[in-house]
Structure formats: structure tokens, C-alpha cells
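Data first, discussion second: the structure below is written as C-alpha cells.
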Amino acid sequence: MAGHVHIIGGGLAGLSAAVELAGGSEQVTVYEAGPACGGRARSYHDRHLDCRIDNGNHLLLSGNPAVYRYLGLIGAQDTLVGPKRPVFPFIDLADRLRWTLDLSRGRVPLWVLSKRRRVPGMRLAELRGLLALMEATPDMVVADCLPAGSLSRRLLEPFAISVLNTMPDTGSAALLGAVVKESLARGGRNCLPRFPAIGLSESFVDPALAHLAVLRARVRTGSRVSAVEFTRGGPVTALLLGAERIEISPDDTVIMAVPAPVASGLLADLPGFGAPDAFEAILNVHFLLPQAPVLTGGLAQAHFIGVVGGISEWVFAKDRILSVTVSAANRYAGRDLDELAPLIWNEVRAAIDPAATTPLPVAMPPLRIVREKRATFAATPAQDRLRPGTHTMVPNLLLAGDWTATGLPATIEGAIRSGAAAARAVHDRKGAPGRPG
């Protein structure tokens, strides 16, 4: 008899598992504690700004295979947009120097030979830093691999901070090297910047929910699992949702796809379970302009710009919203947000004004600050070693989430891969063929 797959968590890991499993022989139910699915990759209407915003900024790449497989399954592959070339505009605030990194489309990195296309001031010898990252051992940190110079300061260090959400002096070189292998090392065709045409929910969440509804999978929002019962050495026997008890048979499967701290709480009594226990914050600041700026040059192509030497890491231009990401934000935990906001607005003006036909207002516009204190696990070598695999010691309990051992940092690509891995494990457990990978 076909079993029932109970997926705890409606973030992208949980939705990915559900999308892979729906329509098969198993019944699928997703339990999401909050009022909406999507986790850290969703959109919502902000009452203060009276407009729809993303709860975070995510820059994807054309070479993210799991992302595009997921979007293909839910019919949303055309909802990501971006420039036709692998271009990345930057500004160095220290000297107001602007440039656009323009990568070669093929594997041969011809861009490094052109001063117009590469990082200003870089020396070709600095490229050994990329090789060092790809060959890094699990105990190495990013700073161990980067030689001093413009390439490191103006590209590789900011890249590390945004990808790992961890500072280079503590961030895992092996995790960053894994991303380099799947992006820069494979050529510019795999590095085309991509982001949702409308919003994160419109690309990753709403089409998935519509797809699951058609395939009769059940999604329960506002359904917080408060406890997981299992026999010692045996299977999960029940899920508790407050006063509600859901019996789990040995033929059923439970996929735990919640954030690491939640999983650690629910599975505190599970022998051998471990998970990352140190986390990094992300700060997002959304500024609402009176009208959308008219952009020129590389910024007009990309609709984002990287910022070096400031508080901001990236500024995204989304119609009337200028949205700023500050990664590895634990370093600003002691700073008052009212103090940081004007400083960030000045950085936004410095980044955007030279590429806009009309200067931005000097006075800071209405804004919304979103600080996620535990946005990702701290991507250090020590924390990476704590990441569990898909399987647990309980025969019908699987794990998914960007904090599991995906081989990548805590990214959308990693979250979706983890959900797909859990779905494959369900099929393996049942001896049933899954969708081709």
C-alpha cells in the first residue's frame, strides 16, 4: 500500500520535496507553521510602504541546475529575468571607482586579459586565489586562499561574504570553492545573473502551490508541528500539532524541512542527531522612491550593483524600490538601525546617482528594514561539519534544508537540492522509480 509523506516546513526545501513527490503513488501533505509558504524566499505586502516586497534579496545564476529543474516542474522557468551577458556592475566607495565585470561566456576566461572587462587594478597572478578555493581542504577558511590585491578586495571577498553570509576570515573555503566550481569555473554561460521578474513568491512559491493543488497534494498553513513521537530505534509514530495528533504508520515517511534550530528542538531526543548551532544575520533595507529611476550603462542591464567598502553589499533596483542587502550582519548587531539607515542611503545614492538620469533625493525616503537574526548557519568549517545528511537513524524520518549536507552554502540552490534528495530517498525507501534526475 502506498504511504503518506508528511513534509514539515513549507520553505523551498519542503516545497521542492513536495513538487518532486506530488502526483506519484504517495499522498503528500505539507505542514507550514506560518501563514504563508516560502520561508526566507517569499514576498509580502508591507503595510508601512503600502507595496509588495521580497523578505530578502536573492541573486541566482543561470547555472543553478536544481533551481531550473524546480521551476520547470512548476511551470515557472520563464519568471526569472536578467541581463543577456554575464555582467556584474560594481562601485568601490573608497575611491568612487566604478566598473562592470564582464565575464567570457565560455570556459576560457578571456575577460581577465581585458582591462575594460576585469576588476580594476587586479594582477593575473591573483587568479591563483580561485584555484586555491577550488582545491581547499575542509578545514581552510577563505582568507587562507586569497592573495592580497584588487581581485580579492574588490571581487572575491565581497563574493565570499554574499555567498557564505560569513566573513572571509572564518568562512569555509571549501564551500565557497564548491560554488566557484559550479559558476566561474564553468564559464559565463553559467554565471548569467537571474532574479524574479516580479517577486520571490511569484516565481518560487505561488506556482508551486498551484502545481501541488492540481496534483492533490495538501498544503496546511498555520499548522505548527509541536512534537514528533517515535519509538526508540523504531519509526516515527505520530506528529503533534498542538492538540491535534496525526498517526504515522511505518509505511509513511516524514521529511523534516524546517530551519536548523526548529529541527534541533523537535529532534532533541533523537540519538545521533546534530545540526549547525551558530548562525549569521542578514539585513535588508527597502527604500520606496516617488518614482522608478531611469538607469543607464551596466546598471540598466543588470538592475543591481555590488558595493565594495561600505555597509551595503548589493543594491537591487526593483521599479520604485531600491533594495539593499547587508550580509554577514552579525558584525552590526550592536548598531542602532536608525543610525545605519542614513549611512546605507548615502551609499545607495553614491551607487545609483552616476548611472541614473536624475539624482536620487538627498532626503532618505520611506523605508522598511528587515533583519533576520538567524538567516543562515554560519558557514565556517566547524559548522559545516555539523550538517547532517538526508537520512537519520529513524527509518521513516528524512531531513531537508539548506543547513543539511548539500555541499553548498545556505542558498536557494542548496535548499532545493536538499528537498529533491529527500524525495529520492522516499522513492528509494519504497523501491519505486522517481522522476529522472
Hydrogens and angles aside, do [X] and [Y] bring a side-chain donor and acceptor to less than 3.5 Å of each other?
X      : Y      : result
Ser16  : Arg417 : no
Asp54  : Ser43  : yes
Ser172 : Asp384 : no
Asp206 : Ser201 : no
Glu347 : Ser312 : yes
Asn330 : Lys373 : no
Asn64  : Glu182 : no
His286 : Ser323 : yes

If you measure from [atom1] on [X] to [atom2] on [Y], what distance do you get to the nearest 0.5 Å?
X      : Y      : atom1 : atom2 : answer
Leu146 : Asp144 : CG    : CG    : 9.0 Å
Ser162 : His58  : OG    : NE2   : 12.5 Å
Asp92  : Arg98  : CG    : CZ    : 11.5 Å
Leu399 : Phe273 : CG    : CZ    : 6.0 Å
Leu103 : Cys191 : CG    : SG    : 5.5 Å
Leu386 : Thr380 : CG    : OG1   : 8.0 Å

Any donor-acceptor pair under 3.5 Å linking the side chain of [X] with the backbone of [Y]?
X      : Y      : answer
Thr392 : Val394 : yes
Ser152 : Ala148 : no
Arg154 : Pro120 : yes
Glu32  : Thr221 : no
Thr166 : Gly171 : no
Tyr70  : Phe204 : yes
Thr100 : Pro89  : no
Asn190 : Ser183 : no

Taking all atoms of both residues into account, what is the closest heavy-atom pair of [X] and [Y], and its distance?
X      : Y      : result
Ala302 : Val87  : CB-O, 4.3 Å
Glu280 : Ala329 : OE1-N, 3.4 Å
Leu21  : His427 : CD2-NE2, 3.7 Å
Phe377 : Pro276 : CB-CB, 3.6 Å
Arg371 : Tyr332 : NH2-O, 3.3 Å
Asp353 : Leu360 : OD1-N, 2.7 Å

Do [X] and [Y] touch side chain to side chain, with heavy atoms closer than 4.5 Å?
X      : Y      : result
Ser104 : Arg117 : yes
Arg189 : Ser62  : no
Leu71  : Asp78  : no
Leu184 : Leu130 : yes
Leu288 : Leu49  : yes
Ile369 : Leu283 : yes
Asn284 : Val326 : no
Phe316 : Ile305 : no

Does a salt bridge link [X] with [Y], judged by any charged N lying under 4.0 Å from a carboxylate O?
X      : Y      : result
Asp277 : Arg374 : no
Arg52  : Asp46  : no
Glu339 : Arg335 : yes

**Message:** Consider side chain to side chain contact (heavy atoms under 4.5 Å, CB included). Of Leu80, Ile198, Val67, which one does Ser203 pass it with?
**Reply:**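 Per the side chain to side chain contact (heavy atoms under 4.5 Å, CB included) rule, the option paired with Ser203 is Leu80, out of Leu80, Ile198, Val67.
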**Request:** Assess whether side-chain contact (heavy atoms from CB on, under 4.5 Å) is satisfied between Phe287 and Arg368, documenting all intermediate values.
**Result:** CA-CA 7 Å; Phe287 296 100; Arg368 166 65 71 190; over 6 Å; no
**Request:** Using side chain to side chain donor-acceptor pair (under 3.5 Å) as the criterion, point out the one residue from Arg220, Arg224, His6 that pairs with Tyr31.
**Result:**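 That would be His6; it is the only one of Arg220, Arg224, His6 passing the side chain to side chain donor-acceptor pair (under 3.5 Å) with Tyr31.
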**Message:** Around atom CZ of Arg218, are there more than 12 heavy atoms from other residues, nucleotides or ligands closer than 6.0 Å?
**Reply:**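 No, not enclosed.
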**Request:** Please identify each residue that fulfils salt bridge (charged side-chain N to carboxylate O under 4.0 Å, His left out) with Arg194, with sequence neighbours left out.
**Result:**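 Expected list: none.
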**Message:** Run the side-chain contact (heavy atoms from CB on, under 4.5 Å) test on Arg349 and Ile352 for me, step by step, so that the C-alpha distance in whole Å, both residues' side-chain angles and the decisive distance to 0.1 Å come before the verdict.
**Reply:** CA-CA 5 Å; Arg349 290 177 55 221; Ile352 299 296; over 6 Å; no
**Verdict with reasoning, Asp402 to Arg40, per salt bridge (Lys or Arg N to Asp or Glu O under 4.0 Å)** = CA-CA 11 Å; Asp402 61 12; Arg40 290 194 302 109; 3.3 Å; yes
**Trace of the side-chain hydrogen bond (donor to acceptor under 3.5 Å, both in side chains) decision for Asn165 with Thr376** = CA-CA 7 Å; Asn165 194 38; Thr376 70; 3.0 Å; yes
**Request:** Go through the steps to decide whether Glu126 and Arg153 satisfy the test salt bridge (Lys or Arg N to Asp or Glu O under 4.0 Å), and finish with yes or no.
**Result:** CA-CA 11 Å; Glu126 292 181 71; Arg153 189 177 71 81; over 6 Å; no
**Asked** Centre of Trp111's six-membered ring, under 6.0 Å away, within 45 degrees of the axis: is that where NZ or CZ of Arg116 sits?
**Response**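 No - Arg116 does not lie over the ring of Trp111 by the 6.0 Å and 45° rule.
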**Message:** Using the ring pair (Phe, Tyr, Trp, His ring centres under 6.0 Å) definition, which of the options Phe159, Trp314, Phe304 pairs with Phe90?
**Reply:**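 With Phe90 as partner, Phe159, Trp314, Phe304 yield a single ring pair (Phe, Tyr, Trp, His ring centres under 6.0 Å), made by Trp314.
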